[in-house]
Amino acid sequence: MGIVFPSAPNQPKKRDPRAKSSDDQTFTQEGGFSMRRRVMLLCILIVVLVISTGCWNRRELNELAIIMAFGLDKAGEQFVVTAQVVNPGQVAAKEGGGGRSPVVTFQKRGDTIHEAIRKITTVSPRKLYGAHVRMVVIGEDLAKEGFGEALDLLSRDAEIRTDFFIVVAKEEKAEDVLHVLTTLEQIPANKMYSSLEASANAWAPSATVTLDQLLSDLVSKGKHPVLTGIQVKGDSETGGRKENVETIDSPVRLQYSGLAVFKKDQLAGWLNEKESKGYNYIRDQVQSTVDDVICPQRGKLALEVIRSKTEIKGKVVNGRPQIVIDVRTEENISDVECSIDLTRNETIQELEKLGEQSIKDIIATSVHKVQKKYKVDIFGFGEVIRRSNPQYWKKVENNWDQEFADLSVQVKVDVKIRRIGSAGNSILNELKE
């Protein structure tokens, strides 16, 4: 019987140092791909850096005339463009320095707006730059003739932003408005912008209209445009002198006055202060305002509107369109100039009814005048009917203004008085005792 020796364990084969494993080959291939990617990205980056220089279209500030406001008028068949340009050296100067006007106006005529603007380079040492325009003023004569052509450049030029406000010079030329120097704000365009914004937010008869809003109203078949009017109170020639801002009571001021009603791009007429406030109530553009009511026993009382919400609903009944305006406001008693007991709930309820009737009258007055005198839908009732009954709208959209003139409009108002102020009853009660 032979002896069986255990077999020797399997010895690992010796690896040839010149041979590469499959893992090494994979690593090498991936590394090669990664390296090629890096080289390609580096080449692309170099090309991009070469062709995209950051200052290829640079323009230095001392080469530009920064426009703050445009004035658009018409003279015969030509447009008259007035540009209010800021004087940077005077604005930046400390008090008492320079003695020059903070702005300067340039004016030229042309067959087109763009031609007139380019002609200004013959009198201006710098090329006009319109990216900072705050206001565009349209002269009343141009507004009556139609301002649609004048807006094309403003909407087409990529350099000009569309967040500026547009107003109409009431009984004035646009150039006269831009020649007036203003107090508090060195640059008149900034004054006009801030004043219009403040008036729209706190008083309500004014409306802030940007270019986008105006263009939307112009192409809409269910709403015509509305713009705020601006007037020169005093002699416009005096307003352009430095003396106008050197006295406590400036002899010449710029004042917003009512709303201009348009039929498409042509001025149809004006709304007064009360009617303009009614328009803003209907359009849900009242943020805050003050309404006066007559007290039960003579005297007046002021109600401050702190919140307002308007909903407009439309329907077609027996082939006739109808509109319902629902206004809800929250108000505070801000000024009592009559003898009245504010501690009684019955008194507050009575004042709420008086406030409701006051707003109804304001809205009704505005609607009646626009329907009977101007016969153009500036309130957007046509858009409401279009959304509520598209089939009916298709039948009347081409002659909607005729339908609007006889449109049935119902007004509902709900007023809630939240606070009576910190004084309680008026001192007039004690004085009469």
Looking at the rings of Phe164 and Phe70, which for Trp means the six-membered one, are their centres under 6.0 Å apart?
->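 No - the distance between ring centres of Phe164 and Phe70 does not fall below the 6.0 Å cut-off.
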
Residues which pass salt bridge (charged side-chain N to carboxylate O under 4.0 Å, His left out) with Lys369, listed by chain and number, not counting sequence neighbours =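 Glu275.
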
Is it true that the side chains of [X] and [Y] contain a donor and an acceptor less than 3.5 Å apart?
X	Y	result
Thr329	Glu331	yes
Asp341	Thr343	yes
Asp212	Thr162	yes

Provide the full list of ring-ring contact (aromatic ring centres under 6.0 Å, His included) pairs with a residue in residues 182-213, sequence neighbours left out, each pair given once.
->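 Output for this query lists Phe165-Tyr193.
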
With a cut-off of under 6.0 Å to the ring centre and 45° to the axis, is Lys74 in cation-pi contact with Phe79?
->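 Yes; both conditions hold, so Lys74 lies above the ring face of Phe79.
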
Does [X] pair with [Y] as a salt bridge, N-O distance under 4.0 Å?
X	Y	answer
Asp414	Arg328	no
Glu330	Arg418	yes
Glu185	Lys191	no

Tell me, which pairs form a side-chain hydrogen bond (donor to acceptor under 3.5 Å, both in side chains) where one or both residues lie in residues 131-141, sequence neighbours left out?
->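 As it turns out, the side-chain hydrogen bond (donor to acceptor under 3.5 Å, both in side chains) pairs with a partner in residues 131-141, which skip direct neighbours, are Arg134-Asn190.
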
For atom CZ of Arg283, decide whether the heavy atoms of other residues, nucleotides or ligands shown that lie under 6.0 angstrom number more than 12.
-> yes

